[in-house]
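Letters go in sequence order (proteins before strands), and every chain restarts at 1. Computed from a predicted model, the values in this text were never measured in an experiment.
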Amino acid sequence: MQFINSLRGEWLKTRRSAASWLCLIGGFLLPLLYFIGALKDHNTLNSLPVNSEIWKVYFFQIWRFMAVVMLPMGLILSSSLMTQLEFRNNTWKQVLTTPQSIGTIYLAKLSAILLMTLKFFIFFNIGMLAAAIIPSLIFDHQLPRDSFPYSFYLVNNLKILLTCMPVIAIQYLISLRFKNFLVPIGAGLMFWLVSVILVNTWKYAYVSPYSYTPMIGLNTKLPAGINILILSGVYSAVFFAAGFFVFRAKREVS
Amino acid sequence: MYCIETKQLSFKYSGGAPVLQGIDLQVPEGCIYGFLGPNGAGKTTTLRLLLGLLKKQEGAMLLFGKEFERNRIEILQKTGSLIEAPSLYSHLTARENLDIMRYLYDFPPKRIDAVLDLAGLGNVGSKTVGKFSLGMKQRLSIAIALLHQPELLILDEPTNGLDPNGIIEMRELLKALNKEYKTTILISSHLLSEIEKLVTHIGIINKGQLLFQGTLEDLQRKQKQGASTIFHTGDAGSTMRILQENGLQPVLADGMVLIPLVDRSVIAGINQQLVAEGVVVFEISSGRNDLESIFIDLVNN
């Protein structure tokens, strides 16, 4: 119960916050651009140069841009912004003098970041489908004949979500550790940039968790035996645990 | 019984000089304890230790008779606090800021209206805190500290940013809380004059050491003992003699003669005697004998 109450509080803190606006704008920006492009060119899903599995082709086409640039940047910014909210408002001392365990505080804030990421995925998927369906209705084009692949969309969304976890874990850890907002943002952007550069040029690029969403977006071929979903799980577990120990050790955070 | 008791509490920041040296704080239950000291004396460090915002290094810390580290959540459940500058989410409204705390303490929404009214913020509950003045933020911080009806309030310089009216209102509010709900209040300040009308007990800290601790009456007694009359004359030797002849025990300091505070009629008589014997009298004054001077004397010594 304490955790739920704590999470409610953390979620309320996101209201009108920069992270919340980022989630809304980031989630709908790319679908909106697709939508505008479709209106301008009178293109709809039927214009894609494939005969079958149009929904799947569309999924990867729109996710490619998102997964390489916008998603990692959004994760870096939102994780850092949500954690740094306490430093910026000088509220760590308020949080740490409430009757909740250090573990609850850590988990509740982390859960709020994860919920915000989930909210972003929901917005993006709604936008993505709207950008596909609305132009078809406007131009009276038919929607693809093949049935909508619900499980494909769900599984692939979950896969991408899982590859986001290590980035969230690392950003959360750095944001808890450093008071200066530029440290987590700067470190995150640097890790991401290096990872994107190396993703198609270095065979060991998979060691960087920041390369996982770009790898999905660019459909990068991985060496045999390497599974970025498993690596994501391992990295997440390690960095979430490390973040907790850093947070517990550094009690004087305000 | 003491609501707060520390035993030989010491603390130093890594690589720095000791900030606290063997503090034995004793805050009786139901009292209003003024924790005084100049800036940098160690007040905020003590309060941060009491709230678990700093890790205890040496000594013992008991709140409600229980060791803090082992009973942190139980103790914080009964404690409200305001440490240094207000801690508020500037993008949220006053009501939303209170809501966050309400969830944590599991209180009904109607309690928010009660504390907003209590803090004089009843009509600005839906305004975002970023648009608040410093005084309003301070009031809201007090409202947050009071939300869960704590048994102990720890307030670090809560009148910072308040106008004179605000200071008086806060004083009345704290007095009422103490009287009606028997709330123990530990309030820090660097100005004795600001809290002497409020507190029942006083602790004076300087350079990490507790210089005085006791009731306000104890301090007032000390004040009377410390007060003196000062004679600045052209002939200190003759002045000493005349004062001794009058049964007083003068002390010579920096060319001036000091005696314990005496009645004005006695001073007038001695002055006549000095003039009659040809001693030039430049000045006769009573040493400052208010609580502030005692505080300053303690701190300077």
CZ-OG distance between A:R88 and B:S90, expressed to the nearest 0.5 angstrom:
6.0 Å
Quick one: which of A:V95, A:T97, A:T104 has the most heavy-atom pairs under 4.5 Å with chain B, could you say?
A:T97
Structural part of B:I154 lying under 4.5 Å from a heavy atom of chain A:
neither
Would the number of heavy atoms belonging to other residues, nucleotides or ligands and lying under 6.0 Å from NZ of B:K12 be above 12?
no
Contact class of A:Q2 relative to chain B, heavy atoms under 4.5 angstrom
side chain
Rounded distance (nearest 0.5 Å) linking atom CD1 of A:I4 with atom CG of B:D106:
12.0 Å
Shortest non-hydrogen contact from B:S87 toward A:K93
OG-CE, 3.1 Å
Can you tell me how far apart CG (A:L12) and CG (B:L92) are? Round to the nearest 0.5 Å.
5.5 Å
Just checking A:R64: does its CZ atom have more than 12 heavy atoms from other residues, nucleotides or ligands closer to it than 6.0 angstrom?
no
Interatomic distance, CZ@A:R15 vs OH@B:Y89, rounded to 0.5 Å, equals 14.5 Å
With side-chain contact (heavy atoms from CB on, under 4.5 Å) as the test, would you mind laying out the steps for A:R16 and B:T128 before giving the verdict?
CA-CA 10 Å; A:R16 290 188 292 278; B:T128 53; 4.3 Å; yes
Nearest 0.5 Å, what's the CZ-CD1 distance between B:R72 and A:I102?
4.0 Å
Could you report the tightest heavy-atom contact between B:I100 and A:G9, atom names first, then the distance?
CG1-O, 3.9 Å
My understanding is that only one of B:L104, B:I73, B:L76 makes a side-chain contact (heavy atoms from CB on, under 4.5 Å) with A:Q100; could you say which?
B:L104
Over all heavy atoms of both residues, which pair between A:A249 and B:K55 is shortest? Give the atoms and the distance, please.
O-NZ, 3.4 Å
Please test A:T98 against B:Y105 for side-chain contact (heavy atoms from CB on, under 4.5 Å), starting from the C-alpha separation and ending with a verdict.
CA-CA 8 Å; A:T98 51; B:Y105 290 101; 4.1 Å; yes
Interatomic distance, NZ@A:K13 vs CD@B:E96, rounded to 0.5 Å, equals 13.0 Å
